Amino acid sequence: MSGAASTGWDRQQMADRLAREFQDGWIVNLGVGLPTLCSNTDIGDRDIVYHAENGVIGYGPVLPPGEEDLHLVNAGGQNVSLQPGAAIVHHADSFGIIRSGRIDVTVMGAYEVSAGGDFANWRLAGAKGGGIGGAMDLAACARRVFLLLEHTTRKGEPRLVARCRLPVTARGVVTLVATNYGLFAPTGEGFAVRELAPGIDLATARAATGAPLLPA
Amino acid sequence: MSGAASTGWDRQQMADRLAREFQDGWIVNLGVGLPTLCSNTDIGDRDIVYHAENGVIGYGPVLPPGEEDLHLVNAGGQNVSLQPGAAIVHHADSFGIIRSGRIDVTVMGAYEVSAGGDFANWRLAGAKGGGIGGAMDLAACARRVFLLLEHTTRKGEPRLVARCRLPVTARGVVTLVATNYGLFAPTGEGFAVRELAPGIDLATARAATGAPLLPA
Amino acid sequence: MARPGKVMQSFAAALADIPDGAVIAFGGFAGPGTPYNLTRALLAQGAKRLTCIANTTGGAQQPRMPDIGMLVENGQVAKVVCSFTAATRPSDVLPFTRFYEAGEVEAELVPQGTLAERLRAAGAGIPAFYTPTAVGTELAEGRETRVINGREYLLEYALPCDVALLRAWRADAAGNLQYRRSQRNFGPLMAMAARLAIVEVEEPILPAGALDPDQIHTPGIFVQRLVAIPPAPEGLWTTRRQERAR
Amino acid sequence: MARPGKVMQSFAAALADIPDGAVIAFGGFAGPGTPYNLTRALLAQGAKRLTCIANTTGGAQQPRMPDIGMLVENGQVAKVVCSFTAATRPSDVLPFTRFYEAGEVEAELVPQGTLAERLRAAGAGIPAFYTPTAVGTELAEGRETRVINGREYLLEYALPCDVALLRAWRADAAGNLQYRRSQRNFGPLMAMAARLAIVEVEEPILPAGALDPDQIHTPGIFVQRLVAIPPAPEGLWTTRRQERAR
């Protein structure tokens, strides 16, 4: 095995791999941080509409310094561009779009995800405060919830686990998880391995995962 | 008494008398029919904003044939003009304005009004169908409910009554009633006489009223 | 891999797949925003057992324009949800009212603001809400109420639709809509509440990007099909009463 | 008998009568729509025991712009209602979070969509509604839920405000507002939810009638006071981070 020294995909590769799953015509919401990288991915001739919680429907790439429209940011506060056919709505209408099931997929970062499809991304252990933002609305209401996260914590502890220890954002909603180690799908009993990153073998992935990994 | 042959105010005079009660700065909603006549009244230098259920905020006089904007009607379907500073909203926002207590007064027509401030204007006796429109929202939520109606039915039966016999639009909300006989305020026990129309004396009004009339 | 566009060439094509039993919302308030052309096409299309949601079933005026009353007369309607099952003026008799009084069609009478809010709730993913409207009236009899901060409110449920038939002023190919003046009325709410919004459009349909993103009344993600209204007499433009007066 | 107009000459004058204990909503999402000038004036005005409603209490970036975190540090805040009591990135520490963790200020953490909908409900006269958001989470523990059509929903109450502090792009003397691009965010909702909406405006304030009635994002009946932002450096225009980058 060549994977001993590999940590698998880099951040952009993880995002690119997940973005390959976006289907033509989807409305996609990208969370702050890692998920934002998905909008850098070349989506070919697929027609994808990016929606942001702050009411921007149909945004495009981040603009370079000096070319920004200072009145326009995505959910992560980045100054983005607009695609032809874009529309702006207020926050209540924007979350109306979310709650009424119009978001085909939301991509979020997470601290933990469980085999049952629960995930946690709003409060760390021991903290009094947390950051929910739009994550609970999106998690409860988007048609699909995809996660993008490093396979382990900096201390090497697994983030793909049997049960979440942190307070959850929503239960039983996650259908696909991309990490630096590969692409995984919660099955209830564990995680189905959809794909492993180059240089990552099943044993390596298993050792870094807190729930059974089920080969495809 | 000179009033024996008089039927009091005509329709426009009733509307004019009620419109005198509108205070500077009020937002006023006028119902279909008689109440529409209030917007013909010269309001002098008072700043009144007319609101219609279909989302028109700040409309003005009805336009003559040939000058109408066919995209613009008031709640009664008349082609009205817009005042400077007008704004258009959709129906949910328009009723949000109503329910959140921003309408200073709604003026409606009615079949009956009771001494307790109940009124009925949506279904006639024996009918299966009715016409509610925005009346129940306005009646329940406007800061004040004024009514404009003929003092009696065509058969001479009183419309100002002790208790409503028809199904009510809202209970205990009416504070002022203008009829062809004068201006009246429900008090619980009866109607306080605020003013009598020229040629109408108290005895005439009493004979045509189904609840005690209390002189001012 | 380009998906089929939203612009369709005929009202008939835009409505062809509406099935029997569909729940259909019709835009419009006293003329402006009323989808006369789509309603006429639905009369020809013939879908049956429809539930029709609208402010009214049409006016009492003559000559008539295509309206829900005609769909009722045509045997296409099982139920109507509206704020008028009779005209405001007792002397006017709506065509619909005759069928309703005869028990040939069901109706659910809803206060206009509650109707708007129930549609908005459906489009906003809110399954139910409380409102002060209709408390203490016959419409509240036997229904659930709740006292909040000392005031009594009525529980109301969202009103989702399968289809919305709407009329707008301008549109772009992405489905973004602008309504002119009081044409807006129920349009944005019904588009949100429906899974399939079909819109007749007065101005020529613009390319995506031609409308200012700040000035969109209904975002294109709520709109699936657009048909430009052809010139008169093929297209219906104003009410016939207005046409006669000109 | 002309009432005093809505246009005021200074931020200080526009805020002078805000009392201790007021419930104040602050517009803005990550910069656009944030009322920097009004917030700075509120720091100077000094009202205490405030409840502040906003998406965030301000960012972790340096140099800072006037934000709710500064009002907290200034001893003016009793409670915050927001969707972030800590930053998204665990390594960022919000100034507010330190006070919160120390128990010196209360906080109510609300999912962003629920926050928006609670403000909208207050402005729309809806006292309470059900939402799918946060069901099954710690935020729903001990709270009332209801199953509707087989799905569980959480009961949420309207969030009315005494005051809204907002920033808009253009306004007319009647108080009609236009926001530009994502500046809109919470502005229309907070204006509706508040009894007193005070707005800092980027463009010179136009006479009533200068804005197209079809293109108003917040109708003037929701807006009580307007202040045009003076040129920099007196007026605050962009975030300081943006100013530095130019």
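Labels below follow one simple rule: chain letters A, B, ... track the order of the sequence lines, proteins then strands, and each chain is numbered from 1. These figures come from a predicted structure and were not determined experimentally. The basis for the numbers below is simple: all heavy atoms, side chains too, and nothing from hydrogens, waters or symmetry mates.
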J.: Do you know which two heavy atoms are closest between D:Met192 and B:Arg102, and how far apart they sit?
T.: O-NH1, 2.8 Å
J.: Shorter than 4.5 Å, heavy atoms on both sides: which option in D:Gly123, D:Gly220, D:Ala210 has the most such pairs with chain B?
T.: D:Gly123
J.: For D:Ala122, which atoms come within 4.5 Å of any heavy atom of chain B: side chain, backbone, both, or neither?
T.: backbone
J.: How would you list, in number order, the residues of residues 147-185 of chain D that have a heavy atom less than 4.5 Å from chain B?
T.: D:Asp172, D:Ala174, D:Asn176
J.: Quick one: of B:His51, B:Arg99, B:Gln83, who has the most non-hydrogen atom pairs under 4.5 Å with chain D?
T.: B:Arg99
J.: Which one, B:Gly101, B:Pro84, B:Gly58, leads in non-hydrogen pairs under 4.5 Å with chain D?
T.: B:Pro84
J.: OG/B:Ser100 to CZ/D:Arg120 distance, rounded to the nearest 0.5 angstrom?
T.: 10.0 Å
J.: Within a 6.0 Å radius of atom CZ on B:Arg163, are there more than 12 heavy atoms belonging to other residues, nucleotides or ligands?
T.: no
J.: Hey, which of B:Leu82, B:Ile27, B:Ile97, B:Val89 has the most heavy atom pairs under 4.5 Å with chain D?
T.: B:Ile97
